[in-house]
Amino acid sequence: MRLLLVEDDDHVAAALSAILAKHGFTVTHARNGEEALQAVLPTAQGERPSYGVILLDLGLPDQDGYQVCGRIRKLTSTPVIMVTARGDVRSRIHGLNLGADDYVVKPYDPGELLARIHAVSRRNAGPEETTGGGAPSDGTQLRLGAVTIELPTRRVSVDGESVPLTRKEFDLLALLAQRPGVVFRREQIISEVWRTSWEGTGRTLEVHVASLRSKLRMPALIETVRGVGYRLVAPAA
């Protein structure tokens with residue numbers, strides 16, 4: 001995946017680029033807001049640069065990072081993750097309202113940043129993405145070993161046997177199954193499945209995960225990542 005990193009500190013950018021490269025990312029580095037905006041503009045031949053994610057530091061030397069985010073959002077739908085030391089709620093809300101897809105507060109754990117990159121890129125994934133089993137997907141069906149998830153009809157089957165799920169159980173399974181192996185943070189799952197904040201909903205998530213494991217008769221299908229969230233472990237076919 002190609003990634004645009006907007007960071008004015010060359011030392012920080014070099015360290016982060018090295019980490020991202022180890023995980024298969026090709027990084028384009030922009031040192032200020034103007035370079036970032038130029039990086040997303042079409043070329044003279046009319047070709048628009050393709051990035052999976054834009055990591056945008058807000059502390060830029062030439063422009064306000066929030067302003068840059070707003071201008072980027074008018075130019076491209078590429079997911080934007082704001083990376084900043086501004087951790088107050090008002091700043092986060094402002095960034096999300098400007099079009100950012102996620103907001104990471106410094107200092108952060110590289111593993112968490114990688115998980116967030118995968119999460120926002122999944123939301124932007126097109127039908128050319130493949131399923132966990134490696135078979136091409138037409139965007140309507142996910143196949144994970146013996147498990148088949150039919151998105152339009154909201155049906156799930158294991159070895160051809162239909163498994164009745166509640167609405168939220170299906171939404172949770174479909175979310176995890178679209179990116180097997182990727183860790184989804186608890187807060188992100190609550191936001192996408194329940195459309196609410198994390199507070200007070202944690203126990204509900206745990207109950208739904210336990211119910212899915214039981215109904216699918218696959219206790220190891222959904223793995224708990226202690227202190228972070230959950231991921232789906234694709235079973236063998």
Side-chain angles (χ1 to χ4, degrees), residues 1 3 5 7 12 15-25 52-53 55-58 79-93 95-96 100-125 132 142 144-145 147 165-166 168-235:
M1 180 194 300
L3 185 149
L5 172 62
E7 169 61 62
V12 172
L16 183 54
S17 295
I19 294 173
L20 293 169
K22 288 181 180 179
H23 287 81
F25 293 96
V53 172
L55 291 180
L56 174 63
D57 185 86
L58 294 184
V80 175
I81 299 178
M82 286 185 171
V83 183
T84 176
R86 308 176 197 176
D88 60 283
V89 174
R90 180 174 296 183
S91 295
R92 286 180 296 189
I93 291 175
L96 295 171
D101 296 83
D102 206 345
Y103 197 105
V104 180
V105 179
K106 297 179 180 179
Y108 54 81
D109 180 84
E112 179 186 0
L113 179 62
L114 288 166
R116 291 180 184 239
I117 291 172
H118 285 301
V120 298
S121 64
R122 178 197 54 75
R123 299 176 201 166
N124 203 48
L142 301 173
L144 301 155
V147 181
L165 300 180
T166 67
K168 294 303 182 186
E169 287 171 351
F170 179 90
D171 291 344
L172 172 57
L173 178 62
L175 175 66
L176 298 177
Q178 289 181 62
R179 295 288 285 189
V182 172
V183 179
F184 288 80
R185 293 175 294 110
R186 290 182 176 87
E187 297 90 337
Q188 179 193 349
I189 296 173
I190 292 297
S191 175
E192 295 200 22
V193 175
W194 279 269
R195 303 295 178 183
T196 185
S197 63
W198 165 248
E199 294 183 5
T201 324
R203 180 57 181 164
T204 299
L205 173 57
E206 293 174 1
V207 169
H208 279 72
V209 169
S211 180
L212 276 175
R213 289 167 172 163
S214 175
K215 287 185 176 182
L216 297 172
R217 300 186 299 280
M218 293 182 175
L221 181 67
I222 301 176
E223 180 182 356
T224 301
V225 181
R226 189 179 300 275
V228 182
Y230 298 92
R231 65 180 164 201
L232 188 141
V233 180

In terms of heavy-atom contacts, P79 and G52 come closest through CD-O, 3.4 Å
Rounding to 0.5 Å, atoms NE2 (H23) and NE2 (H118) come to a distance of 7.0 Å
Check whether any side-chain heavy atom of H208 lies under 4.5 Å from a side-chain heavy atom of V193, and answer yes or no. no
side-chain contact (heavy atoms from CB on, under 4.5 Å) filter on D109, not counting sequence neighbours, yields E112
Any Lys/Arg nitrogen of R92 or E187 sitting under 4.0 Å from an Asp/Glu carboxylate oxygen of the other?
no
Note to self: In the structure I gave you, are the side-chain heavy atoms of T84 and S91 within less than 4.5 Å of one another anywhere?
What the structure shows: no
One should read off an interatomic distance between F184 CZ and L175 CG, to the nearest 0.5 angstrom, of 4.5 Å
Are any of the side-chain heavy atoms of K106 and D57 separated by less than 4.5 Å? yes
Separation between CG (L114) and CG (L20), nearest 0.5 Å, reads 6.0 Å
Here the gap from F170 atom CZ to L165 atom CG, rounded to the nearest 0.5 Å, amounts to 8.0 Å
- Message: Any non-hydrogen side-chain atom of L55 less than 4.5 Å from a side-chain atom of L113?
- Response: yes
* Pairwise side-chain contact, F25 with L16, heavy-atom cut-off 4.5 Å (strictly under) -> no
The reported gap from CG in D102 to CD1 in I117 (rounded to nearest 0.5 angstrom) is 10.0 Å
key: L221 side chain reached by L144 side chain, heavy atoms, under 4.5 Å   = no
Subject >> Student check: side-chain heavy atoms of D101 and V53 closer than 4.5 Å >> reply: no
CG of L173 to CD1 of I222, rounded to nearest 0.5 Å, is 6.0 Å
**Prompt:** Do the non-hydrogen side-chain atoms of L216 and E169 ever get within less than 4.5 Å of each other?
**Reply:** no
- Just by modelled atom types, is the Y103 backbone N or O under 3.5 Å from a matching donor or acceptor in the R116 side chain? yes
